[in-house]
Amino acid sequence: MGGRGTVSLDSSKVGSFEVTWPSRAEEPDGRTSPEELIAAAHSTCYSMALSHALAGAGTPPEKVDTRAEVTFQPGEGITGVHLTVRASVPGLSAAAFEKAAQDAKAGCPVSKALAGTKITLDAALV
């Protein structure tokens, strides 16, 4: 409970980040947590999967903004991930966007890695 450590992004050399239990279960206070790192990976992967699918369908997005919130309960672990995506995709209907967004959620490699976790999605065009 009082331990601390660091995680480093060695392949990209972006940096090292302090990780502690309080950053996970209480207040981050300038530190990160495994859940924040998973959220960053999931939102990035999801955006890439959605953008690739939209471009492949002939409707490349002008902008995709995805946020992931990973919920953690001490004693239970990760209890869910909620993705929120807002995108600008000229010429695409809301229904077609919703389908592409849901397909990207199912096909994203990080979503697949988190298959044992409930993943929800709020997708809308802007």
Side-chain angles (χ1 to χ4, degrees):
M1 296 290 204
R4 60 184 340 115
T6 58
V7 61
S8 61
L9 305 179
D10 293 339
S11 61
S12 64
K13 297 179 179 30
V14 173
S16 295
F17 306 93
E18 187 177 0
V19 180
T20 65
W21 177 260
S23 66
R24 176 180 232 184
E26 298 166 14
E27 287 299 316
D29 197 27
R31 300 168 300 232
T32 193
S33 67
E35 293 72 31
E36 183 177 38
L37 297 169
I38 289 169
H42 202 178
S43 62
T44 302
C45 184
Y46 177 83
S47 287
M48 294 170 89
L50 179 59
S51 295
H52 178 76
L54 290 169
T59 54
E62 288 181 347
K63 180 180 179 182
V64 173
D65 181 9
T66 305
R67 302 200 189 290
E69 295 175 56
V70 175
T71 53
F72 172 81
Q73 288 295 323
E76 285 184 60
I78 294 173
T79 58
V81 179
H82 181 70
L83 297 169
T84 302
V85 62
R86 299 295 181 260
S88 174
V89 188
L92 192 65
S93 71
F97 178 72
E98 177 66 27
K99 180 174 179 351
Q102 291 293 340
D103 289 349
K105 182 182 86 147
C108 163
V110 174
S111 291
K112 289 179 179 182
L114 297 172
T117 303
K118 182 178 180 179
I119 301 170
T120 57
L121 174 65
D122 173 13
L125 292 170
V126 292

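Only this structure's heavy atoms are used, side chains among them; waters, hydrogens and symmetry mates stay out.
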For residues 91-111, dump all side-chain donor-acceptor pairs below 3.5 Å to protein atoms at least two apart in sequence or in another chain.
residue : atom : partner : partner atom : Å
S93     : OG   : A96     : N            : 3.0
E98     : OE2  : Q102    : NE2          : 2.9
K99     : NZ   : D103    : OD2          : 2.8
K105    : NZ   : I119    : O            : 3.1
S111    : OG   : H42     : NE2          : 2.8
S111    : OG   : K105    : O            : 2.8

Distance-only check: which donor-acceptor pairs under 3.5 Å involve side-chain atoms of residues 1-9, not counting sequence neighbours?
residue : atom : partner : partner atom : Å
R4      : NE   : E18     : OE2          : 2.7
R4      : NH2  : E18     : OE2          : 2.2
S8      : OG   : D10     : OD1          : 2.7

Please list, chain by chain and in numerical order, all residues satisfying side-chain hydrogen bond (donor to acceptor under 3.5 Å, both in side chains) with R86, sequence neighbours excluded.
D122
Check: W21 and P74 side chains under 4.5 Å, non-hydrogen atoms:
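SC-SC contact between P74 and W21 confirmed.
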Are the side chain of S23 and the backbone of T32 linked by a donor-acceptor contact shorter than 3.5 Å?
yes
Verify same cluster id: V70, L121 (apolar side-chain graph, 4.5 Å):
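Linked within one cluster.
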With clusters defined by side-chain heavy atoms of hydrophobic residues (ILVMFWY) lying less than 4.5 Å apart, directly or transitively, does M48 cluster with I38?
no
Compile the donor-acceptor pairs under 3.5 Å between side chains in residues 50-63 and protein atoms, sequence neighbours left out, one pair per line.
residue : atom : partner : partner atom : Å
S51     : OG   : S47     : O            : 2.8
T59     : OG1  : L54     : O            : 3.2
E62     : OE1  : S88     : OG           : 3.2

Nearest 0.5 Å please: distance from the CG atom of L37 over to the CZ atom of F17.
8.0 Å
For residues 75-85, which side-chain N or O atoms pair as donor and acceptor with protein atoms under 3.5 Å away, sequence neighbours left out?
residue : atom : partner : partner atom : Å
T79     : OG1  : T71     : OG1          : 2.7
H82     : ND1  : T120    : OG1          : 2.6
H82     : NE2  : T84     : OG1          : 3.4

Applied to residues 25-40, the salt bridge (Lys or Arg N to Asp or Glu O under 4.0 Å) test, sequence neighbours excluded, yields R24-E35
